[in-house]
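None of the values given here were measured: they were computed from a predicted structure. Convention: sequence-line order gives letters A, B, ...; per-chain numbering from 1.
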Amino acid sequence: MTAESASSAAAPAPTDFIRDIVAQHVAEKRYPKIVTRFPPEPNGYLHIGHAKSIFLNFGIALEQGGVCNLRFDDTNPAKEDVAYVESITADIRWLIAGWADHCLGFKPKGAHPSAQTVNGKPDLYLGPAPANDAAEAFYASDYFDALHAYAIELIKRGKAYVCDLSPKETEEYRGAPDQPGKDSPFRNRTISDNLDLFTRMTAGEFPDGARSLRAKIDMTSPNMWLRDPLLYRIRHIPHYHAGDKWCVYPLYDYAHCLSDYIEGISHSLCSLEFVPHRALYDWVLEALDLPRALPRQYEFAKLLPSYTLLSKRNIIRLVNEKVVNGWDDPRLPTIAGLRRRGITASALRKFVIGVGVTTYNSLIDIAVFEHAVREELNTTAARRLAVLRPLKLILTNIAPDETVACTATNNPQDEQPTTRPVALTREVFIETDDFAEVPPPKYFRLKPGGEVRLKYACIIKCDEIVKDASGAIIEIRCTAQLDTRSGQPNADKKVKGTIHWVSATQSVAAEVRLYDRLFTVPEPGNEEDFMKVLNPHSLEILTARLEPSLAGASAGECFQFERTGYFTVDAKDSTAGKPGFNRTISLKDTWTK
RNA sequence: UGCUCGAUGGUGUAAUGGUAGCACAAACGACUCUGACUCGUUUUGUCUAGGUUCGAGUCCUAGUCGGGCAGCCA
């Protein structure tokens with residue numbers, strides 16, 4: 001058993017109102033199997049908000065012995081692209097790896113819904129298959145034939161009609177939330193006229209927007225989505241997945257519920273803005289008199305962390321205006337960005353599960369997320385010595401060619417901590433912040449005449465400050481108390497401060513990028529212009545000095561640089577033998593000057 | 001001036017008519033060869049007004065405040 005599965009087994013199973021409903025349905029055997037789905041539109045990258053939905057949907061599948069289908073909700077050919085199906089698939093696999101891999105519902109490659117008879121009624125079905133090399137994600141666009149057939153059925157039942165109103169006229173006829181709409185003049189066409197017109201729409205006889213297929217429900221309904229919503233629109237554009245077969249494309253409300261039904265979805269979970277759509281979701285399924293148990297839609301609140309922006313439109317603006325370097329910039333809340341930042345999928349999952357699932361639109365303090373990240377990295381990240389802003393320090397009683405062997409602990413959190421050798425030499429670097437010529441009150445670090453411990457080495461005493469002509473400090477000269485090293489007679493000598501260091505001669509230089517929150521206010525989305533509240537210090541690039549072993553670190557490895565923070569080797573900004581480090585998160589700092 | 005959903009410490013979330021709890025944050029303290037971690041202590045809460053009940057965060061009524069709804073987007 002891996003540490004991962006051991007810890008998830010130990011964690012209490014989350015409960016929330018949706019899981020309660022699912023559990024009840026399981027108890028009453030309403031569905032043959034619990035099948036959820038994650039239905040992204042392939043028109044952008046996944047972000048932390050999607051992670052909430054992913055962990056909920058896969059979590060329920062995992063807990064109930066079910067599956068969660070990955071389905072691309074690709075009914076709008078104008079917006080979608082294969083590049084996004086690839087990034088989304090990779091992000092999801094990364095998010096569920098080692099946790100719910102076996103719950104990922106794929107379908108046999110190229111499979112389409114197949115006709116079957118259930119309870120004497122015709123039916124269309126396409127169930128999940130194990131996610132292997134011979135399988136692929138589901139695509140709503142694979143159901144275009146099925147959806148078209150269902151549309152014809154709706155027409156035959158007198159529940160749908162072809163409308164010739166222009167988009168503008170359709171809007172006018174729809175009325176307003178506090179004002180009823182009025183019937184389209186085309187609402188009462190005969191079934192045969194509707195059938196003929198829909199066939200001709202499908203054949204490409206009419207230009208974009210000239211006609212539409214509409215559900216015949218109620219133009220006076222207080223629910224705007226029941227005022228004869230559009231089912232199909234004409235779009236003379238090829239589809240990235242379905243090719244150029246179609247010039248009519250179904251709309252979300254019509255395609256989604258039927259896609260769920262076709263896949264045998266039991267619980268269709270979405271965010272709160274779809275509450276008014278639920279009546280339409282149910283209407284379509286009920287209008288078709290389908291033979292299998294119907295899926296039901298349940299809504300929950302989106303995840304909204306503070307100090308960031310989640311909407312696609314806003315993220316696009318940050319990318320386009322070069323505030324960040326692409327969709328996977330580590331400052332972005334995209335899954336790709338978080339991964340580069342060094343956030344782990346399990347930390348993300350613990351955070352999301354901790355937040356819970358409710359119907360209240362809340363703002364979650366980003367500190368909760370940061371805590372989840374630190375909590376995990378504290379137990380998993382190997383400690384290393386790294387000086388971010390080097391200040392030279394000379395140990396005057398160590399000879400230039402002398403090396404004092406010291407031993408450092410790799411991770412004190414381990415039950416059986418391992419160690420590694422570190423070399424103390426005459427010239428070392430310490431952190432610029434760890435020396436103060438005029439120390440503030442309660443300053444525990446190095447000061448003139450003061451003593452401090454070099455971690456894993458010995459206590460040193462500051463004898464002299466060397467400045468250049470301009471008065472800037474260029475080096476500190478100290479005496480090393482070598483008998484205070486571990487195992488030496490005075491090893492137990494106490495000093496208030498312990499600082500990190502690296503040998504000046506036995507260390508390597510490397511680029512380190514310090515990432516921080518992108519915005520200075522908790523809710524940048526509420527600003528008149530979020531560009532005005534950008535954090536100017538969201539990225540600082542430094543040349544740091546690292547322990548030599550760090551030169552061989554490979555992409556994705558996570559370390560704690562002692563006393564500064566958690567860092568990971570960036571897959572993008574590193575070259576062979578020359579790793580670049582991203583700061584995932586700083587260590588908590590209760591000493592604020 | 002329509003319909004609909006919601007409201008528990010600073011933030012998030014439990015309590016399904018019976019002791020308002022947990023996490024984060026904050027403050028203080030202990031420990032410390034990481035001002036980290038860990039541990040301890042503390043501060044702060046049921047939107048308002050009525051009603052039902054032996055008993056209400058929970059049920060009912062009204063109000064207040066907030067979200068959502070008029071894409072041929074999803």
Within the structure, does a side-chain N or O atom of A:S221 lie under 4.0 Å from either OP1 or OP2 of B:C3? no

Please tell me if A:T379 has a side-chain N or O lying less than 4.0 Å from either OP1 or OP2 of B:C37. no

Let me know, please, whether A:T484 or A:T359 comes out on the 5' side of the other along RNA chain B by nearest nucleotide. A:T359

Any non-hydrogen side-chain atom of A:F17 less than 4.5 Å from a side-chain atom of A:V357? yes

Counting Watson-Crick and G-U wobble pairs with both distances under 3.5 Å, what is the dot-bracket string for RNA chain B, 5' to 3', using [ ] for crossing pairs and | for pairs to another strand? .((((((..((((....[..)))).(((((.......)))))....(((((..]....))))))))))).....

For nucleotides 20-27 of chain B, just jot down a letter per nucleotide in 5' to 3' order: B, S or -, based on protein non-hydrogen atoms under 4.0 Å. ----SS--

Check A:D164 with A:R189, please: is the shortest side-chain N to carboxylate O separation under 4.0 Å? yes

Closer than 4.0 Å, any side-chain N/O of A:T358 to the OP1 or OP2 of B:U13? yes

Does the side chain of A:K494 get closer than 4.0 angstrom to OP1 or OP2 of B:C33 through an N or O atom? yes

Classify the side-chain pair A:Y307/A:E370 by whether it contains a donor and acceptor separated by less than 3.5 Å. no

Taking only Lys NZ, Arg NE, NH1 and NH2, and the carboxylate oxygens of Asp or Glu, determine whether A:R227 and A:D218 approach each other closer than 4.0 Å. no

Test the A:R211-A:F206 pair against the cation-pi criterion, namely NZ or CZ under 6.0 angstrom from the six-membered ring centroid and within 45° of the ring axis. yes

Are A:E451 and A:K493 within salt-bridge range, i.e. N to O under 4.0 Å? yes

Where protein sits on nucleotides 66-74 of chain B, one letter per nucleotide: B base, S sugar-phosphate only, - none, heavy atoms under 4.0 Å: -S-SBSBBB

Across the strands shown, which category fits A:I459 at heavy-atom distances under 4.0 angstrom: base, sugar-phosphate, nothing? nothing

Would you mind checking if A:E41 and A:K79 are paired as a salt bridge, meaning a charged N to carboxylate O distance below 4.0 Å? no

Using a 4.0 Å heavy-atom cut-off across all strands, classify A:I364 as base, sugar-phosphate, or nothing. sugar-phosphate

Just to be sure I understand the rule, does A:A457 reach a base, reach only the sugar-phosphate, or reach nothing, if contact means heavy atoms closer than 4.0 Å? base

Do A:R71 and A:D260 sit within salt-bridge range, that is, some charged N less than 4.0 Å from a carboxylate O? yes

In Å, rounded to the nearest 0.5 Å, how long is the span from CD1 of A:I54 to CD1 of A:I335? 6.0 Å

Name the orientation of the base relative to the sugar in B:G50: syn if the glycosidic angle is within 90° of 0, else anti. anti

